[in-house]
*Asks:* 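Before anything else, here's the structure in question.
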Amino acid sequence: MKNPYLLAIFLVGALALQDTKSREEERLTFIDKRLEVVYPVIQGFKSLITLDPFKVTQTWIGSDICSYRGFHCDNPPDNKTAVTVASIDFNGFQLFAPSIEGFIDQLPDLALFHANSNNFGGTVPSNIVNLKYLYELDISNNKFTGQFPTAVVGMPGLTFLDIRFNSFSGSIPPQIFGQNLDVLFINDNTFTASLPEIPGDSHILFLTLADNKFNGPLPRSILRSMTTLTEVLFLNNDFTGCIPYEIGLLKGASVIDISGNKLTGPLPLSLMCLEKVEQLNFARNLLFGAIPDAVCMFLPENLVNLSLSDNYFTHVGPWCKILVERGVLDVRNNCIPFFPGQRSIEECAEFFVKPNHYCPHAWFHSFLPCRYSHISSSSASDFMPMVAPSP
């Protein structure tokens with residue numbers, strides 16, 4: 001403003017508005033001191049939000065924080081008569097804020113934070129480690145960056161961690177696999193490096209590592225320690241090497257998808273140990289050899305799909321042919337003679353003349369880490385290989 005008179009009027013008005021707002025805040029009455037403490041935290045975060053298409057923040061007014069849209073109150077574990085902000089559900093609000101630092105980490109009684117499908121950026125604040133009641137953290141489908149949020153490592157109460165569809169990068173701390181998590185979703189980021197070997201057991205039920213840039217071999221210790229997994233999604237990475245026999249230890253898994261990698265070698269017979277699998281996908285790898293007829297014979301009856309397309313398999317036995325005819329087994333774009341929809345002879349020949357597709361441990365594919373609890377011994381006699389002692 002070039003007119004000094006108008007500028008003076010504007011400043012007086014702004015100061016009067018600020019003074020009115022301060023006096024209004026002084027008159028606010030909260031039903032609990034804990035709500036009074038977090039009020040300025042919420043208002044500070046509100047001031048950072050630059051986009052609010054559903055006008056969510058218009059409800060963030062006054063002392064009745066429990067009625068703010070997205071905020072939920074409850075009695076904290078340490079005081080059953082107190083009232084506090086216990087959970088936040090911003091899923092689908094499409095709010096835009098450059099950071100959540102100074103917000104989520106300043107809500108001391110927070111137990112659940114769901115913020116799927118917003119436009120929050122920056123890094124995950126390290127002070128969330130102080131949120132002693134937090135057990136669910138969902139920040140998927142946002143714009144977070146930086147390394148894996150290591151602050152969550154060692155949070156004993158955390159059971160659900162979903163950081164999908166962000167721009168996290170770097171490696172994964174091995175300790176995260178040993179935590180008391182039920183759900184770990186880290187797919188669709190830009191994590192690199194190889195997955196770490198981990199000591200001990202894991203309690204994870206749902207693990208999704210898909211659509212990153214992980215490389216190196218599938219870590220045998222992760223497969224060995226995660227026998228409770230029900231869904232295993234490792235697709236669309238850069239995993240190399242052979243499929244370890246430990247995949248047969250995933251006896252509770254209903255879905256295993258390791259498609260779209262660079263795995264090579266034969267299909268392991270330990271797949272026969274999978275008792276509950278319904279979806280099994282190894283498509284778009286560099287696997288080769290004969291598809292084991294024993295695997296086709298002894299996979300569970302509830303198997304819906306076994307996809308081996310876009311590999312370099314060379315033989316299908318009678319039991320596997322039955323699965324092909326039933327539409328369960330997909331062997332398109334392989335190197336199987338006299339089968340429709342296969343690669344050209346030239347393409348197959350080019351693959352097999354390369355020496356770098358073979359496994360260093362030839363016994364891996366024939367080792368069975370199970371005792372065939374779901375397999376009839378009478379029908380298995382013609383197919384069973386020698387079983388190595390349990391490691």
Side-chain angles (χ1 to χ4, degrees), residues 34-35 37-49 60 65 68 70-79 82 84-93 95-189 191 203-204 206-208:
R34 300 190 187 212
L35 296 176
V37 169
V38 301
Y39 174 80
V41 174
I42 297 170
Q43 297 304 315
F45 180 64
K46 177 181 176 180
S47 69
L48 294 176
I49 295 174
W60 300 1
I65 294 176
Y68 289 8
F71 290 82
H72 304 277
C73 296
D74 205 342
N75 310 118
D78 64 345
N79 188 342
T84 189
V85 173
S87 64
I88 292 176
D89 186 355
F90 289 168
N91 282 352
F93 284 178
L95 301 172
F96 186 97
S99 174
I100 60 171
E101 190 164 2
F103 173 54
I104 175 178
D105 51 319
Q106 298 302 313
L107 302 175
D109 299 316
L110 193 64
L112 182 149
F113 185 72
H114 284 188
N116 179 294
S117 301
N118 285 278
N119 294 284
F120 298 147
T123 58
V124 177
S126 59
N127 285 339
I128 65 169
V129 71
N130 298 321
L131 302 180
K132 57 185 176 181
Y133 303 129
L134 188 67
Y135 69 92
E136 287 196 10
L137 180 61
D138 180 357
I139 54 172
S140 58
N141 199 19
N142 279 280
K143 299 182 183 300
F144 291 104
T145 58
Q147 300 290 308
F148 183 92
T150 54
V152 303
V153 175
M155 295 180 69
L158 195 66
T159 61
F160 183 101
L161 179 61
D162 187 350
I163 61 173
R164 295 174 294 174
F165 296 99
N166 281 287
S167 297
F168 292 111
S169 59
S171 58
I172 304 296
Q175 301 94 319
I176 195 66
F177 296 105
Q179 286 192 209
N180 194 32
L181 289 169
D182 295 327
V183 174
L184 178 59
F185 293 155
I186 60 177
N187 55 286
D188 292 272
N189 282 281
F191 290 117
H203 305 284
I204 297 175
F206 301 92
L207 176 64
T208 304

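As the structure is a computational prediction, the values presented were derived from the model and not from experiment.
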*Asks:* Which heavy atom of Ile163 sits nearest to which heavy atom of Pro149, and what is that distance?
*Replies:* CD1-CD, 4.1 Å
*Asks:* Please report the C-alpha distance between Leu184 and Thr208 in whole Å, then the side-chain angles of each, then the deciding distance to 0.1 Å, and finally whether the side-chain contact (heavy atoms from CB on, under 4.5 Å) criterion is met.
*Replies:* CA-CA 7 Å; Leu184 178 59; Thr208 304; over 6 Å; no
*Asks:* Could you tell me which non-hydrogen atom of Pro125 sits nearest to which non-hydrogen atom of Glu101, and how far apart they are?
*Replies:* CB-CG, 3.8 Å
*Asks:* Could you walk me through whether Leu35 and Val85 pass the side-chain contact (heavy atoms from CB on, under 4.5 Å) test, one step at a time?
*Replies:* CA-CA 7 Å; Leu35 296 176; Val85 173; 4.0 Å; yes
*Asks:* How close do Asn166 and Ile139 get, heavy atom to heavy atom, and via which atoms?
*Replies:* ND2-O, 3.0 Å
*Asks:* Run Leu161 and Val183 through side-chain contact (heavy atoms from CB on, under 4.5 Å) and show every step you take.
*Replies:* CA-CA 6 Å; Leu161 179 61; Val183 174; over 6 Å; no
*Asks:* Only distances under 3.5 Å count here; give the side-chain donor-acceptor pairs of residues 103-110 to other protein atoms, sequence neighbours excluded, each with its distance to 0.1 Å.
*Replies:*
residue	atom	partner	partner atom	Å
Asp105	OD1	Gly102	N	2.8
Asp105	OD1	Phe103	N	3.3
Asp109	OD1	Arg34	NH1	3.3
Asp109	OD2	Arg34	NH1	3.2
Asp109	OD2	Thr84	OG1	2.8

*Asks:* Which heavy atom of Asn189 sits nearest a heavy atom of Phe165, and at what distance?
*Replies:* ND2-N, 4.1 Å
*Asks:* Tell me whether the rings of Trp60 and Phe71 are parallel (<30°), tilted (30 to 60°) or perpendicular (>60°).
*Replies:* perpendicular
*Asks:* Locate the shortest heavy-atom distance separating Phe45 from Ala97; write the atom from each residue and the value.
*Replies:* CE1-CB, 4.0 Å
*Asks:* Is a donor on one side and an acceptor on the other found under 3.5 Å between the side chain of Ser169 and the backbone of Gln147?
*Replies:* no
*Asks:* For Ala82, does its backbone N or O pair with a side-chain atom of Asn75 as donor and acceptor, under 3.5 Å?
*Replies:* yes
*Asks:* By the definition side-chain hydrogen bond (donor to acceptor under 3.5 Å, both in side chains), identify the one residue from Asn141, Asp138, Asn142 that meets it with Ser117.
*Replies:* Asn141
*Asks:* State, to 0.1 Å, how close Phe148 and Val153 come at their nearest heavy-atom pair, and which atoms those are.
*Replies:* CE2-CG2, 4.4 Å
*Asks:* When you check the side-chain N and O atoms of Ser140 and Asn116, is any donor under 3.5 Å from an acceptor?
*Replies:* yes
*Asks:* Compute the centroid of each ring, for Phe120 and then for Phe93, and state whether the two points are separated by less than 6.0 Å.
*Replies:* no
*Asks:* Can you tell me if Lys143 has over 12 outside heavy atoms packed within less than 6.0 Å of its NZ?
*Replies:* no
*Asks:* Anything under 30° is parallel, anything over 60° is perpendicular, the rest tilted; go ahead and classify Phe160 against His114.
*Replies:* tilted
*Asks:* Which value, rounded to the nearest 0.5 Å, describes the distance between Tyr39 atom OH and Ile65 atom CD1?
*Replies:* 8.0 Å
*Asks:* Mind checking whether Asp89 and His72 have side chains closer than 4.5 Å, heavy atoms only?
*Replies:* yes
*Asks:* For a side-chain contact (heavy atoms from CB on, under 4.5 Å) check, start with the C-alpha distance between Phe96 and Ile49, then their side-chain angles and the critical distance, and finish with the verdict.
*Replies:* CA-CA 5 Å; Phe96 186 97; Ile49 295 174; 5.7 Å; no
*Asks:* Got a donor-acceptor contact below 3.5 angstrom from the Asp74 side chain to the Ala86 backbone?
*Replies:* no
*Asks:* Out of curiosity, Met155 CE to Asn130 CG, how far, rounded to the nearest 0.5 Å?
*Replies:* 8.5 Å
*Asks:* Is Leu137 close to Val152 at the side-chain level, that is, under 4.5 Å between some pair of heavy atoms?
*Replies:* yes
